[in-house]
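Please read the structure below before turning to the comments.
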Amino acid sequence: MNNDQIAEAFEQIAQLLQVEDANVFRIRSYERAAETIRGLGPELSDIRESEAGLQGIPGIGEAIADKIEELLDTGELSFLQDLLDRYPPGFLELLKIPGLGPKRAALVFHELGVGSVDQLEEACVREQVRELKGMGAKSEQKLLQAIESYWRGRERALLGAMLPQAETIVEFLRELPAVISADYAGSVRRGRETVGDLDVLATSDDPAAVCKAFGEGGLLAEVTSAGGTKVSGTLPGGRQVDLRVVAPESYGAALVYFTGSQQHNIRLRERGQDRDLKVNEYGVFCADEHDGDDQEGERVAGDTEAGVYAALDLAWIPPELREDRGEIQAAAAGELPDLIESSDIRCDLHIHTNWSDGRASIAQVAESARERGYTHLGITDHSASLHVAGGISADAVRAQREEVDALNSRYVEQDADFRVLLGHEADITTDGALDLTYEVFDTVDFVVGAIHQGMSADADRMTARVVGAIETGMVDLIAHPTGRVLQTREAHGMHVSELAGAAAQFDVALEISATPDRLDLSDVHARLAQERGAKLSINTDAHSIASLDFMRFGVLTARRGWIEAETVINTWPLERLTTAWLQQRRGSSESA
DNA sequence: GCCGTTTTCGGCCCGACTGTTTTCAGTCG
């Protein structure tokens, strides 16, 4: 079992214990364990064998460690199975309906026998739910609406789809007269690869006016809840949006609170408690000494995020790191990473042109890259064996070479600070061979290795294929290393730790594909790779001009992985990339 | 269930909004 599967088991335990009305702190322990495990780079099976062991992981004690061992050894967990056996198979899905939490799920199950979303819908239509204690006609109606939008929206959406929408909403808010400032927060601001709903924050001296204007502004298909400082609703696509409005002096505290993550916020508030400070979305306050007195203590911070963190003796923590994955300890010790920024990116090294399955010409792509402020660019069309993507022959590669050389000559004549590199995306075939002739290898400036076929093989075989390609010394960069496609295809089992080790040893870069439905390596895997000493490369894998804009999603993913600019070859000046790295690598592979 | 050089027991983040309520539980983030 891999880490995600084990985390999933603990999430299910937490949910079922909530339904069973268990101790809330016991539930929190399982939730925290699940999130911690999702954020781990190394596999639990490896950690178990290490010196520190499973209980060396924060939030993992004896009981949970035992359960991890059982899962690793048997693939099953009797404790979870016993819980699951008490409910019908579709029961956990019920908890995904907004407005139906664990208490009401237990209620409809025990009173009405409802054990799935379908059955809940039926019970609402039959007006049975309104008869239950604490429920009424209105809650029944809300549940029906929630079910409908659940069917429409399903699960989480891709960051690539939601970030532009968040920006649109923020623009709208900023134009309202009553709004002083507005920003998006939540998981979009943290750059998570998928997003459940949008969280937006505004400051104003007249919050009620902002809430009213937002609710009536036409952006929302439906308003589900509206108060004086908070509005919730759904976008036309069914996606939920929450707006919160606070006074300017609370802006920083509200931004921290609303950006999360939940676990990060809990850590901050605990840290506040240690210092006799109360942290909430309005600010940081001296904890009140007097019993039974509701008066708030003196405000010590709140208008800026940096002030809030400073009050807790912490450096400001970039939003992408706020996942309770060690960032608070790092901030306390002054050891936060110097994260890569979009402005550090000088090139995109994985781009398809109309020589294979891309839409634009080399010259068009190059011009577009120049406009984006890049100083160089790598063209990488598919190798011959990838017929479905119009893979190109050795003759075609030679013709590309001539075209690229001619283009570069023009840049030299124009005294332009821009060059095109000719790369080649060589397929790693099902038998582990590299679809690359020496002729092509000698013609191009660099080679990207990638798996596009035979992805159902097991983890050992998949890893061996890619490591084998790395060991040829003919590959400079591994594209979308684990092969996952978000919400479509699971990562093929790949031992990323082993892969990163080989990449570090042979000085091969691993890609963070910036394509929104890939983001592969993931944040967690990228962090692991950097820790193992591997170089990384952030690329769009663009097949059109517009897709060059995906770069920022790759940068966000890298930042979530604690990646510094130095690790990423796209931040290096051209000379360093070509002379100091590519040519040196090729020299060493030829002499080997 | 986890955690701790003040603690191995007794703590564990904080607030808004809704609907069904005569004062608050449930849900959400």
Side-chain angles (χ1 to χ4, degrees), chain A residues 10 13-15 17-19 21-34 36 54-68 79 95-108 129-143 145-146 185-190 195-201 207 211 215 223-233 240-246 250 253-254 256-274 277-285 287 294 296 312 322 324:
Chain A
F10 290 129
I13 289 175
Q15 289 182 322
L17 287 178
Q18 280 187 300
V19 175
D21 203 19
N23 177 292
V24 291
F25 301 107
R26 187 178 169 213
I27 293 163
R28 231 176 81 183
S29 296
Y30 281 109
E31 285 173 345
R32 186 177 175 223
T36 299
L54 294 171
Q55 292 191 52
I57 304 168
I60 309 285
E62 191 180 346
I64 292 183
D66 283 348
K67 292 184 174 66
I68 293 172
F79 179 70
L95 297 172
K96 293 181 180 173
I97 304 299
L100 191 86
K103 295 287 190 295
R104 288 176 178 166
L107 185 69
V108 295
V129 173
R130 64 178 64 187
E131 303 301 328
L132 301 176
K133 188 171 190 298
M135 307 288 280
K138 197 134 186 189
S139 14
E140 200 172 66
Q141 201 54 41
K142 285 222 159 190
L143 276 177
Q145 287 174 0
S187 50
V188 169
R189 183 164 182 245
R190 300 201 310 278
V195 175
D197 52 26
L198 292 178
D199 299 306
V200 193
L201 177 69
C211 287
V223 176
T224 51
S225 153
T229 64
K230 186 180 167 184
V231 177
S232 296
Q240 177 157 337
V241 184
D242 296 311
L243 168 71
R244 187 73 179 270
V245 189
V246 297
S250 295
V256 169
Y257 155 76
F258 226 22
T259 298
S261 66
Q262 186 112 341
Q263 291 297 336
H264 177 87
N265 286 349
I266 289 174
R267 294 284 152 219
L268 290 183
R269 286 167 172 178
E270 286 172 354
R271 196 173 168 89
Q273 286 186 322
D274 292 343
L277 296 170
K278 188 172 80 170
V279 182
N280 59 28
E281 58 262 55
Y282 301 109
V284 181
F285 303 89
D294 272 352
E296 241 167 19
L312 301 171
R322 300 180 193 171
D324 191 25

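Letters A, B, ... are given to chains in the order of the sequence lines, protein chains preceding strands, and every chain is numbered from 1.
Taking each heavy atom of A:Ser187 and A:Gly196 in turn, the nearest pair found is OG-N, 4.4 Å. In plain terms, the two heavy atoms of A:Ile64 and A:Phe10 that are nearest each other are CG2-CZ, 3.7 Å.
For the pair A:Asn265/A:Tyr257, a side-chain contact is recorded, criterion being any heavy-atom separation below 4.5 Å from C-beta on. In this structure, the side chains of A:Arg32 and A:Pro58 come closer than 4.5 Å at one or more pairs of heavy atoms. Inter-residue side-chain proximity for A:Asp21 and A:Lys103 is flagged as met; some heavy-atom pair is nearer than 4.5 Å. You'll find the side chain of A:Arg104 stays beyond 4.5 Å of the side chain of A:Leu143, heavy atoms only.
Straight-line distance from the CG atom of A:Asp242 to the C1' atom of B:dT27: 12 Å, rounded to whole Å. Here the C1' atom of nucleotide B:dC24 and the CZ atom of A:Arg104 are 12 Å apart, to the nearest Å. The nearest whole Å value for the distance from the CG atom in A:Leu107 to the P atom in B:dG19 is 17 Å. The separation between A:Leu201 atom CG and B:dG29 atom C1' is 13 Å, rounded to whole Å. To the nearest angstrom, P of B:dC14 lies 12 Å from CZ of A:Phe285. Between the CD atom of A:Gln240 and the P atom of B:dT27 there is a distance of 15 Å, rounded to whole Å. The OH atom of A:Tyr257 sits 10 Å away from the P atom of B:dG15 (whole-angstrom rounding). Rounded to whole Å, the distance from CG on A:Leu277 to P on B:dC14 is 11 Å.
Distance noted for atom C1' between B:dT23 and B:dG29: 24 Å (whole Å). On the P atoms, B:dT20 is 14 Å away from B:dT27, given to the nearest whole Å. To the nearest whole angstrom, the two P atoms, one in B:dC3 and one in B:dC13, are 14 Å apart. Comparing B:dT21 with B:dG26, their P atoms are spaced 13 Å from each other, to the whole Å. Comparing the same atom, P, in B:dT8 and in B:dG4 gives a spacing of 13 Å after rounding to whole Å. For the C1' atoms, the distance from B:dG11 to B:dT6 is 14 Å, rounded to whole Å. Distance check on atom P: B:dG1 versus B:dT7 gives 25 Å, rounded to whole Å.
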Contact list (N/O, under 3.5 angstrom) for nucleotides 20-23 of chain B vs protein:
unit_1, atom_1, unit_2, atom_2, d
B:dT20, OP1, A:Gly136, N, 2.8
B:dT20, OP1, A:Gly136, O, 3.3
B:dT20, OP1, A:Ala137, N, 3.4
B:dT20, OP1, A:Lys138, N, 3.4
B:dT20, OP1, A:Ser139, N, 3.4
B:dT20, OP1, A:Ser139, OG, 2.9

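Between A:Ala226 and A:Leu100, the residue whose closest nucleotide on DNA chain B is further toward the 5' end is A:Ala226.
Contact annotation for A:Gly228: backbone-only contact, meaning every heavy-atom pair under 4.0 Å involves sugar-phosphate atoms and none involves a base. At the heavy-atom level, A:Ser232 lies nowhere under 4.0 Å from the strands shown. Nucleic acid contact class of A:Arg267 (heavy atoms, under 4.0 Å, all strands): none.
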Checklist line | Test side-chain contact (heavy atoms from CB on, under 4.5 Å) applied to A:Val241 and A:Leu243, step by step | finding: CA-CA 7 Å; A:Val241 184; A:Leu243 168 71; 5.6 Å; no
Next item on the list: Go through the steps to decide whether A:Arg244 and A:Glu281 satisfy the test side-chain contact (heavy atoms from CB on, under 4.5 Å), and finish with yes or no.
Entry: CA-CA 10 Å; A:Arg244 187 73 179 270; A:Glu281 58 262 55; 2.7 Å; yes
Notebook entry, point to check: After noting the C-alpha distance and the side-chain angles of A:Leu95 and A:Val19, does the key distance pass the side-chain contact (heavy atoms from CB on, under 4.5 Å) rule?
Noted result: CA-CA 9 Å; A:Leu95 297 172; A:Val19 175; 4.2 Å; yes
Item checked: Criterion salt bridge (Lys or Arg N to Asp or Glu O under 4.0 Å) on A:Glu31 and A:Arg28, from CA distance to verdict -> CA-CA 5 Å; A:Glu31 285 173 345; A:Arg28 231 176 81 183; over 6 Å; no
Next item on the list: Classify every nucleotide of nucleotides 2-13 of chain B by which part a protein heavy atom approaches to under 4.0 Å, writing B for the base, S for the sugar-phosphate alone and - for neither, in 5'-to-3' order.
Entry: SS--------BB
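OP1 or OP2 of B:dT18 sits under 4.0 Å from a side-chain N or O of A:Ser225. Between A:Lys142 and the phosphate of B:dG19, there is a side-chain N or O to OP1/OP2 separation shorter than 4.0 Å.
A 6.0 Å sphere centred on CD of A:Glu62 holds no more than 12 heavy atoms belonging to other residues, nucleotides or ligands.
Across all strands shown, the partner of B:dG1 is B:dC12, judged by Watson-Crick or G-U wobble contacts whose two distances both fall under 3.5 Å.
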